Amino acid sequence: MDVNGEKWIISKRHKTSVPFQVKLLDIPLQIIGKYRPFQKDNSVFGEINYWNVCKKLKKVISECGINKQISFHCSRHTFGTLALSKGMPIESVSRVLGHTNIKTTQIYAKITTQKLGNDLTAFGNQLNQTFGNIKVAGT
């Protein structure tokens, strides 16, 4: 669906019927374009269900040389953790993941040392900009 000239997926979760909306970023749009010649109907990847996604995920994991069992849930967890560590607000992550309660999303919000360091550095930079002209007594 087009929203303000941008492509979005707007639907309801199968499991919970909770509405969701996801903006399609550049890489997903490129993947959709790659598979467009193979479309049989209006869906991008054809019939998708949990088990089909798990099979495809296992294939991708294998082709990446990862020798570890990774579940679909693990991939959702990775997305949630990555999104939070890159600064996406927890409310947005919660909405994208289709959580009905933000406490569910907080499980993904284990703060990494890198995220904490980046956040504190950004905060320090803002403080320096705000108070940079203040002279400290005795210096």
Side-chain angles (χ1 to χ4, degrees):
M1 170 180 268
D2 279 349
V3 177
N4 296 327
E6 298 176 316
K7 301 284 186 198
W8 287 74
I9 297 172
I10 299 174
S11 189
K12 289 184 179 182
R13 300 277 175 202
H14 291 281
K15 182 178 170 184
T16 60
S17 294
V18 173
F20 73 91
Q21 62 263 19
V22 178
K23 179 180 172 183
L24 292 171
L25 303 175
D26 292 337
I27 292 173
L29 286 170
Q30 290 174 29
I31 293 169
I32 290 168
K34 179 179 178 177
Y35 285 91
R36 185 161 282 125
F38 306 104
Q39 284 180 296
K40 294 179 183 170
D41 55 20
N42 199 25
S43 65
V44 176
F45 301 111
E47 187 176 327
I48 294 180
N49 63 42
Y50 176 78
W51 301 110
N52 288 344
V53 171
C54 288
K55 276 194 236 179
K56 297 290 184 187
L57 181 61
K58 285 185 181 200
K59 184 176 180 183
V60 168
I61 290 166
S62 174
E63 288 181 11
C64 290
I66 299 170
N67 299 317
K68 185 177 180 182
Q69 290 288 334
I70 299 177
S71 66
F72 180 74
H73 175 76
C74 181
S75 65
R76 282 176 50 87
H77 190 93
T78 300
F79 167 80
T81 303
L82 179 64
L84 289 167
S85 71
K86 294 297 182 184
M88 183 183 272
I90 195 166
E91 298 84 1
S92 297
V93 174
S94 182
R95 176 73 61 91
V96 169
L97 292 173
H99 294 157
T100 54
N101 187 330
I102 203 158
K103 288 184 178 187
T104 305
T105 314
Q106 288 173 333
I107 295 167
Y108 298 83
K110 295 176 183 168
I111 300 296
T112 63
T113 304
Q114 178 183 1
K115 169 81 170 114
L116 186 57
N118 291 345
D119 290 347
L120 288 170
T121 298
F123 179 61
N125 289 341
Q126 289 175 350
L127 288 175
N128 288 341
Q129 287 178 347
T130 302
F131 300 111
N133 294 329
I134 295 177
K135 301 221 187 260
V136 178
T139 60

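Not measured: the values here are computed from a predicted model. Any value given below was found using the heavy atoms of this structure, including those in side chains, with hydrogens, waters and symmetry copies removed. The first residue of the sequence shown is numbered 1, and numbering continues consecutively from there.
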What pairs of donor and acceptor atoms, side-chain ones from residues 16-25 against any protein atom, are under 3.5 angstrom apart with sequence neighbours left out?
{"unit_1": "T16", "atom_1": "OG1", "unit_2": "V18", "atom_2": "N", "d": "3.3"}
{"unit_1": "K23", "atom_1": "NZ", "unit_2": "E6", "atom_2": "OE2", "d": "3.0"}

Common cluster, [X]/[Y], ILVMFWY with side-chain heavy-atom separation under 4.5 Å:
X   : Y    : result
I9  : I27  : yes
Y50 : F79  : yes
L84 : M88  : yes
I32 : V53  : yes
V96 : I102 : yes

Check: residues 66-76 side-chain donor-acceptor pairs under 3.5 Å, at least two apart:
{"unit_1": "S71", "atom_1": "OG", "unit_2": "H73", "atom_2": "N", "d": "3.4"}
{"unit_1": "S71", "atom_1": "OG", "unit_2": "C74", "atom_2": "N", "d": "3.0"}
{"unit_1": "S75", "atom_1": "OG", "unit_2": "F72", "atom_2": "O", "d": "2.5"}
{"unit_1": "R76", "atom_1": "NH1", "unit_2": "L97", "atom_2": "O", "d": "3.4"}
{"unit_1": "R76", "atom_1": "NH2", "unit_2": "L97", "atom_2": "O", "d": "3.0"}
{"unit_1": "R76", "atom_1": "NH2", "unit_2": "H99", "atom_2": "NE2", "d": "3.4"}

Identify, with sequence neighbours excluded, every residue that meets side-chain hydrogen bond (donor to acceptor under 3.5 Å, both in side chains) alongside [X].
X   : value
N4  : none
D26 : none
S94 : T105
K56 : none

### Query
Are the side chain of T121 and the backbone N or O of G117 linked by a donor-acceptor pair below 3.5 Å?
yes
### Task
Would you confirm whether S85, through its side chain, and L82, through its main-chain N or O, come within 3.5 Å as a donor-acceptor pair?
yes
